[in-house]
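Computed from heavy atoms alone, side chains included, the values below leave out hydrogens, waters and symmetry copies.
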Amino acid sequence: MTGTEPSTSVVEAAWQKVLSSDRIDHELAEAAYAEPRLRQLFPWSGMWELHFSRCTEHPPTWDIPYIAPLKGGGFLVAGPSRAEVVGPAPTVEAAVAMVVERLPPRCGPAFLGNRHELAASEESR
């Protein structure tokens with residue numbers, strides 16, 4: 001597959017995997033999925049965190065904040081790098097809003113391919 005093909009079904013399949021996972025907060029996954037700007041991105045989870053990528057294959061982009069649960073309740077929005085902390089969020093809605101506020105420019109539907117192919121595509125435009 002290449003970046004010229006629609007990524008909708010690949011992204012939707014990834015969302016269904018996240019939504020049915022027992023390794024992510026279900027309320028968080030549902031709130032993120034309900035947000036159209038996040039729903040068009042490729043979701044993935046690791047270490048109970050919810051991440052978003054502008055491409056559908058590995059390696060993912062690492063330019064969008066992610067959401068992690070906090071011990072005792074609430075969420076932490078961090079990133080895009082592990083060294084950056086956006087801040088705590090008391091609710092899933094607040095966490096999702098914090099991510100949406102920090103989406104990169106031209107953050108549209110996920111690119112079908114990896115971050116290197118996405119970068120090459122963006123450079124050629």
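Of all heavy-atom pairs spanning Pro65 and Val99, the tightest one is O-CG1, 3.8 Å. The shortest non-hydrogen separation linking Phe42 to Ala14 is CE1-CB, 3.4 Å. The two residues Glu49 and Ala68 make their nearest non-hydrogen contact at CG-CB, 3.7 Å. Nearest heavy-atom pair across His58 and Asn114 is O-CB, 3.4 Å. Scanning all heavy atoms of the two residues, the minimum distance from Ala89 to Met98 falls at CB-SD, 3.7 Å. In terms of heavy-atom proximity, Leu38 sits nearest to Ala32 at CB-O, 3.6 Å.
In this structure, the side chain of Ser20 engages the main chain of Gln16 through a donor-acceptor pair within 3.5 Å.
The ring pair (Phe, Tyr, Trp, His ring centres under 6.0 Å) pairs that include a residue from residues 74-105 number zero, where partners must be two or more places apart or lie in different chains.
At least one side-chain heavy atom of Arg102 sits less than 4.5 Å from a side-chain heavy atom of Val86. At a threshold of 4.5 Å between non-hydrogen side-chain atoms, the residues Ser45 and Ile24 count as touching. Side-chain contact between Trp62 and His51: present, with at least one pair of heavy atoms (C-beta onward) separated by less than 4.5 Å. Between Leu76 and Ile67, every side-chain heavy-atom pair lies at or beyond the 4.5 Å cut-off. Residues Glu117 and Glu57 are in side-chain contact: their nearest non-hydrogen atoms beyond the backbone lie under 4.5 Å apart. Residues Leu19 and Tyr33 are in side-chain contact: their nearest non-hydrogen atoms beyond the backbone lie under 4.5 Å apart.
Across Cys55, Ser121, Pro59, a single residue satisfies side-chain contact (heavy atoms from CB on, under 4.5 Å) together with His116, and that is Pro59.
Note that the CZ atom of Arg39 and the OG1 atom of Thr8 stand 11.5 Å from one another [nearest 0.5 Å]. Rounding to the nearest 0.5 Å places CH2 of Trp15 at 11.0 Å from CD of Glu30. Taking CD of Gln40 as the reference point, atom OG of Ser7 lies at 9.0 Å (rounded to 0.5 Å).
Hydrophobic clustering of Ile, Leu, Val, Met, Phe, Trp and Tyr side chains at less than 4.5 Å, counting indirect connections, unites Leu103 with Val11.
Not counting sequence neighbours, Phe52 has no partner by the ring pair (Phe, Tyr, Trp, His ring centres under 6.0 Å) test. By the salt bridge (charged side-chain N to carboxylate O under 4.0 Å, His left out) test, Glu122 pairs with Arg54, sequence neighbours left out.
A donor-acceptor contact under 3.5 angstrom links the side chains of Thr61 and Ser53, judged on distance only. Using a 3.5 Å distance cut-off with no hydrogens or angles, the side chains of Glu84 and Ser81 do pair a donor with an acceptor.
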Show your working on side chain to side chain contact (heavy atoms under 4.5 Å, CB included) between Met47 and Tyr66 and close with a plain yes or no. CA-CA 11 Å; Met47 301 185 331; Tyr66 61 93; over 6 Å; no

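The cationic group of Arg23 lies under 6.0 Å from the six-membered ring centre of Trp48 and within 45° of the ring axis, placing it in a cation-pi geometry.
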